[in-house]
Amino acid sequence: MLARRDMGKLTFLDLVDRSGRIQLFCEQSVLEGLDLDLGDIVGAIGRSMKTRRGEPSLRVGELEPLAKIRLPLPDIYHGLTDVETRFRKRYLDLLVNEETRRDALLRARMVSSIRRRLDEQGFVEVETPVLQPRYGGAFARPFVTHHNELDQDFYLRIATELYLKRLIVGGLERVYEIGKDFRNEGVSYKHQPEFTMLEWYEAYADYRDTMARIETLVEAVALEVIGSTKVSFRGADIDLAAPWRRLRLPDALEAEGLWTRDEAELRRRLEARDVDVSHDQTWAQLIDHALSAFIEPTLVQPTILHDYPIELSPFARTTDEDPTLVERFEYFIGGMELGNAFSEINDAVDQAERFEMQQSARDAGDVLAEEGDPDYVEALSYGMPPTGGLGLGIDRLVMVLTGRETIRDVVLFPALRSSRE
RNA sequence: GGGCCGUUAGCUCAGCUGGUAGAGCAGGGGACUCUUAAUCCCAAGGUCGCAGGUUCGAUCCCUGCACGGCCUACCA
């Protein structure tokens with residue numbers, strides 16, 4: 001019960017639930033002996049009617065209190081705007097801000113739409129370990145925890161990649177997982193320490209098949225969930241309809257005058273553009289930096305950026321034309337990376353060599369470069385079919401579909417520092 | 001990590017040049033049989049984020065701290 005208008009012997013109440021709002025029309029006798037406050041939960045039985053002003057209402061015959069509010073509700077008219085309170089007490093945000101409720105439901109519909117479509121396309125949903133003895137599948141710092149009985153440290157997964165591909169080795173052929181990944185890094189409008197990731201792996205597919213699958217998936221999900229492929233995000237009008245623009249990464253950098261294999265030269269060119277490259281130890285890190293500073297922000301309409309340097313991509317197979325490039329793409333919407341995909345390396349020897357390349361990068365000071373995973377290499381030794389794999393940041397797609405500008409708005413309980421109370 | 005900004009009643013917000021704080025909503029009491037941000041009357045509601053400092057006097061000026069926001073840096 002979120003509004004009450006007393007007219008002497010007549011009382012109008014607004015009852016709100018997930019399905020919307022209905023006005024209750026109560027005569028004095030119905031409310032006799034009841035102590036009703038805004039925020040109370042009540043059940044009402046009555047007949048539908050229209051008031052003189054034409055408002056559809058329920059003429060209440062019986063009103064039953066179901067739950068008593070004990071603390072005052074935030075201002076219904078102004079809503080709850082204090083950002084910190086909205087995040088810490090999301091239940092209040094949901095109670096008084098309709099858009100919050102709407103977007104929470106939209107997220108749920110989006111995830112089930114994705115799930116349903118993948119299921120229909122022959123994918124099998126699986127669950128892989130969150131606690132992993134070694135972490136991999138992404139360049140990120142992990143959270144570490146400890147198992148007492150086993151007396152062993154575990155990492156909270158930064159990706160599901162390496163376990164899912166073991167399932168491809170095992171013959172499941174099309175698998176996916178939707179779950180939380182954990183990365184022990186900074187927070188921003190598009191980063192949270194725990195976030196929801198979709199990864200799928202498809203045997204007998206390559207990155208071109210995967211491009212088609214993701215762009216048609218996003219298009220279909222948008223149509224189903226918001227009824228349109230057109231969205232407004234961060235001040236831009238965006239059309240999610242397939243096919244998406246394709247752009248080779250070397251071409252994109254070349255157009256900016258930033259495509260060179262010469263590390264020192266690339267460093268000079270970036271410095272000339274006032275980029276702080278002091279933290280970048282390797283050519284790969286410099287390229288990555290150039291990409292995020294000069295290319296990513298320009299990719300507002302959905303864009304598939306493909307053919308990455310081998311140094312950035314320890315799990316992607318090389319292109320047929322150029323052994324220094326791999327069959328990998330990232331896709332961007334609204335100047336934000338939504339996900340990453342590639343034709344997987346399916347040869348154990350190739351994979352072992354890539355881990356060695358990554359070890360060299362670590363030795364050169366890139367602390368995020370992949371550590372090897374001998375157990376994974378062993379799995380590949382039993383033969384993995386050619387496979388297309390993809391990751392999708394679920395939270396970020398929710399941002400795009402809802403038009404919310406920060407990831408904290410699409411995660412119900414975002415990570416905040418504890419307040420000392 | 002750095003810079004800037006914010007924190008006043010349960011909520012939304014005022015508060016001038018330093019003189020111990022106001023409103024609306026919610027909550028309490030009252031009037032009203034068609035309201036819908038209902039209206040009207042009455043009363044109540046405060047560790048001005050926390051701790052110091054300057055001052056005769058601090059919500060206001062200064063310092064530190066906490067939490068939050070934006071930018072930046074870091075970051076698949």
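Here is how names work: the chains are called A, B, and so on, in the same order as the sequence lines, proteins then strands, and each is numbered from 1.
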Base B:rU35 to side chain A:Gln23, donor-acceptor N/O within 3.5 Å cut-off: yes
Between A:Asp6 and A:Lys9, does any side-chain N to carboxylate O distance fall below 4.0 Å? no
Can you figure out which of B:rC11, B:rC32, B:rU36 approaches the side chain of A:Pro74 most closely? B:rC11
For a 4.5 angstrom cut-off between non-hydrogen side-chain atoms, does A:Lys190 reach A:Arg396? yes
Would you measure the distance from the C1' atom in B:rA58 across to the matching atom in B:rA51 and give it in whole Å? 15 Å
Think A:Arg141 has a side-chain N or O under 4.0 angstrom from the OP1 or OP2 of B:rC74? no
Can you find a donor-acceptor N/O pair under 3.5 angstrom joining the side chain of A:His279 to the base of B:rC74? no
Heavy atoms under 4.0 Å, any strand shown: does A:Leu38 hit a base, just sugar-phosphate, or nothing? sugar-phosphate
Does B:rC13 have OP1 or OP2 sitting under 4.0 Å from an N or O in the side chain of A:Thr81? yes
Provide the distance between the two P atoms, one in B:rU59 and one in B:rC40, to the nearest whole Å. 34 Å
Considering every strand and a 4.0 Å limit on heavy-atom distances, what is the contact class for A:Asp6: base, sugar-phosphate, or nothing? base
N or O in side chain of A:Arg5 less than 4.0 angstrom from B:rC25 OP1/OP2: no
It should be established whether A:Arg417 places a side-chain nitrogen or oxygen under 4.0 Å from OP1 or OP2 of nucleotide B:rA66. no
Watson-Crick or G-U wobble partner for B:rU7, using a 3.5 Å limit on both distances? B:rA66
Please determine, for the side chain of A:Leu416, which listed nucleotide (B:rG69, B:rC70, B:rC34) has the closest atom? B:rG69
Categorize A:Gly393 for me: base, sugar-phosphate, or nothing, with a 4.0 angstrom heavy-atom threshold over every strand shown. nothing
Identify whether any heavy atom of A:Arg408 sits under 4.0 Å from a base atom; if not, whether one sits that close to sugar-phosphate; answer base, sugar-phosphate or nothing. sugar-phosphate
Is there a Watson-Crick or G-U wobble partner for B:rA23 with both distances under 3.5 Å, and if so, which one is it? B:rU12
Contact class for A:Leu92 (heavy atom, under 4.0 Å): base, sugar-phosphate, or nothing? nothing
